[in-house]
Number of protein chains: 2
Amino acid sequence: MYHTHTLQERIADELAELRIPEQPANLYEPVRYMLQIGGKRIRPLLTLMAADLFSISDMEAAVPAAVAVELFHNFSLVHDDIMDNAPLRRGHRTVHEKWNPNIGILSGDNLLIMAYAQLAKCPANNLPAILETFNTMAAQVCEGQQLDMDFERSATVGIDDYLHMIRLKTSVLLGAALKMGALLAGANKADAQLIYDFGVGVGIAFQLQDDILDVYGDPEQFGKQRGGDILANKKTYLLVKALEMADTATRSTLNDWLADHSNPLDKIRNVTAIYDALGIRSEVEAAKQLHVKQAYTALDALPVEVARKTPLRELAYRLLNRGQ
Amino acid sequence: MYHTHTLQERIADELAELRIPEQPANLYEPVRYMLQIGGKRIRPLLTLMAADLFSISDMEAAVPAAVAVELFHNFSLVHDDIMDNAPLRRGHRTVHEKWNPNIGILSGDNLLIMAYAQLAKCPANNLPAILETFNTMAAQVCEGQQLDMDFERSATVGIDDYLHMIRLKTSVLLGAALKMGALLAGANKADAQLIYDFGVGVGIAFQLQDDILDVYGDPEQFGKQRGGDILANKKTYLLVKALEMADTATRSTLNDWLADHSNPLDKIRNVTAIYDALGIRSEVEAAKQLHVKQAYTALDALPVEVARKTPLRELAYRLLNRGQ
């Protein structure tokens, strides 16, 4: 098996060596910029780790699919940042801020096309299954982003709606990244589905943890100020659950705070106090654990030597226990 | 061989029967809307006609690639309309106007992903070559759109820059549509390149004709009011050539009219008068004929029975002799 950091280096090298044209500069500079400002490259790593889990005979055969996953992720970030009007990404100015929204649209389009150009390098015998996995995921990620935008304007978002949305918007990409590595290693359909389920479970749990950390995280470890979601009235698991659990009076107080933009610190303190009174933190922790458990159940069910699963198990542990 | 209208009907049926999900409605309604407001479906027709030219054994094998070409075309229209701030498309409100720009971005993304989902249905033995042709074209179309936007702000666009831009923005899609049909029919590389060259030549000639029609077309036949490009200061072949050919005094007058937005009819009349004085119409007609000739030279060179080329020749004739 490979060391995880060996696979990480392989991805970093491949991304650094991607041939990105010089001209037109306004199209390709933003592409280069997005890839240079970094990110943890977790998703392409998952592709290579899944290929390794299923003992791929030539790891190089999985590299283009891994790169495609990272390019797709960056495409979705560039377009989402326009839609969300986000000024910063990974501590740097977003593409539409540094250039303009039109350049964001077009360089995002190009990142998506570049992802498919990588997929086209997959071994021909795997190509149809890889494309199908990728295309299904890609459509679902768009659906998730649309639902997220729809939810901003909806008063009736329930917990199931929320879980469905984060499943599509953020989790199926982890599942598909793993599944593509498995398919390239020759895994059968049932095993490819199990590793996909593992990824989706980890993805949902990761997002729920993100929701928790916004309110209860240690800002120094989490790297963000507390309460950003509260100030933005973001429909997180915490808010949706609180609106569901609150009695009429508490819901009314909560809605008043949602409508209040006058004192940010007061808003964060009071909304957090409502979450505390309702016991929301343990609710979302329980939901997170449920999805962690589902993820590990899928991983455990894989008919692969237990020791081969250790690197994925360790990566998931690190992802799901940060910033607290 | 197939009658052209038989192939057109096959495309119309396939597009009408595309399975587009109902939800999220804000993602898929714009997709359905774009496909319903029509268009002439020339590009997918080219794919099927090229497949027929090279005597494809099963025309059904070429249908997904043809649909992919049409979906890609619609993706590029939705995103270009946002970037160009265009209110109307095919006489209907553009997606970003009818919904909003975010929905335009995301439903455009989805159209692109839907195109790749169609490509994934191509016969596995053709898939790598089809993907490579499509991906190269797709990146070039983005490059062309970026150059078009760059040219709006550039004072130094020359005729070669302009021809390079329209080649990328509009012509390579026609070439790739034809090449994909040829590849699916088993054409060799040299023949696939010739039919591609035919498409690119027709595409450039078509765009030059579009530039002519804006100034000299019969509005009733062309379907647009005259002078739209002049009022928008659009860098057409006519304007770029006029700025190149004019002496200092005439160039100064032309630039004055470009800066003038007070009287549209005067602007159109005076700019047209400068074009007439410089003999621009015959310049652009000559450039058009050069590309028409290059297109037919490529078609003639194809080692295929002459009669099989008749439908494509007739279609090109119709495209290149409209509205005058």
Side-chain angles (χ1 to χ4, degrees), chain A residues 21 23-28 72 75-76 78-80 82-85 100-125 127-150 153 165 168, chain B residues 21 23-28 72 75-76 78-80 82-85 100-125 127-150 153 165 168:
Chain A
Q23 296 293 333
N26 280 333
L27 182 60
Y28 290 113
F72 177 86
F75 140 75
S76 75
V78 173
H79 280 192
D80 285 6
I82 301 173
M83 296 183 236
D84 300 343
N85 212 2
N100 62 52
N102 284 352
I103 285 178
I105 293 172
L106 204 58
S107 59
D109 292 344
N110 211 270
L111 278 160
L112 179 56
I113 292 162
M114 286 171 68
Y116 281 103
Q118 290 294 321
L119 291 183
K121 296 189 205 170
C122 290
N125 61 319
L127 194 47
I130 291 288
L131 273 179
E132 212 231 302
T133 302
F134 191 91
N135 287 331
T136 301
M137 173 279 293
Q140 288 177 330
V141 170
C142 289
E143 292 176 8
Q145 170 67 7
Q146 185 61 54
L147 289 175
D148 198 15
M149 294 197 292
D150 289 345
R153 294 194 187 83
M165 183 275 284
L168 297 177
Chain B
Q23 295 296 331
N26 280 333
L27 181 61
Y28 289 113
F72 177 86
F75 141 74
S76 74
V78 173
H79 280 191
D80 285 6
I82 301 172
M83 297 183 236
D84 300 344
N85 213 1
N100 61 53
N102 284 352
I103 285 178
I105 293 172
L106 204 58
S107 59
D109 292 343
N110 212 270
L111 279 160
L112 179 56
I113 293 162
M114 287 171 67
Y116 280 102
Q118 290 294 320
L119 291 183
K121 296 190 206 168
C122 290
N125 61 319
L127 193 47
I130 291 289
L131 273 179
E132 211 232 302
T133 302
F134 191 91
N135 288 332
T136 301
M137 172 280 291
Q140 288 177 330
V141 170
C142 289
E143 292 175 7
Q145 170 67 8
Q146 185 62 55
L147 290 175
D148 198 14
M149 294 197 293
D150 289 344
R153 293 191 188 86
M165 183 274 286
L168 296 178

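Residue numbers start from 1 in every chain, and the chains themselves are labelled A, B, ... in the order their sequence lines are given, proteins ahead of strands.
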Trace of the side-chain contact (heavy atoms from CB on, under 4.5 Å) decision for A:Leu112 with B:Ile113: CA-CA 9 Å; A:Leu112 179 56; B:Ile113 293 162; 4.1 Å; yes
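For chain A, the option among B:Asn110, B:Leu119, B:Asp80, B:Leu127 with the highest count of heavy-atom pairs below 4.5 Å is B:Leu127. Among the candidates A:Gly108, A:Pro101, A:Ala117, the residue making the largest number of heavy-atom pairs closer than 4.5 Å to chain B is A:Ala117. With respect to chain B, the highest number of heavy-atom pairs below 4.5 Å among A:Leu147, A:Asp84, A:Leu131, A:Val141 belongs to A:Leu131.
For chain B, the nearby part of A:Met149 is the side chain; its heavy atoms alone come within less than 4.5 Å. There is no contact between B:Phe134 and chain A, counting heavy-atom distances below 4.5 Å. For a residue to count as touching a neighbouring chain, one of its non-hydrogen atoms must lie under 4.5 Å from one of that chain's; by this rule A:Asn26 touches chain B with backbone and side chain alike.
Side chains of B:Phe75 and A:Asp109 form a contact here, defined as non-hydrogen atoms less than 4.5 Å apart.
Taking CD1 from B:Ile105 and CD from A:Gln146, the interatomic distance works out to 11.0 Å, rounded to the nearest 0.5 Å. A:Asn102 contributes atom CG, which lies 11.0 Å from atom NE2 of B:His79 (distance to the nearest 0.5 angstrom).
Relative ring orientation between A:Tyr116 and B:Tyr116 is described as parallel, the plane-to-plane angle staying below 30° on a 0-90° scale split at 30° and 60°.
Contact record, B:Leu106 with A:Cys142: CD2-O, 3.4 Å, taken as the closest heavy-atom pair.
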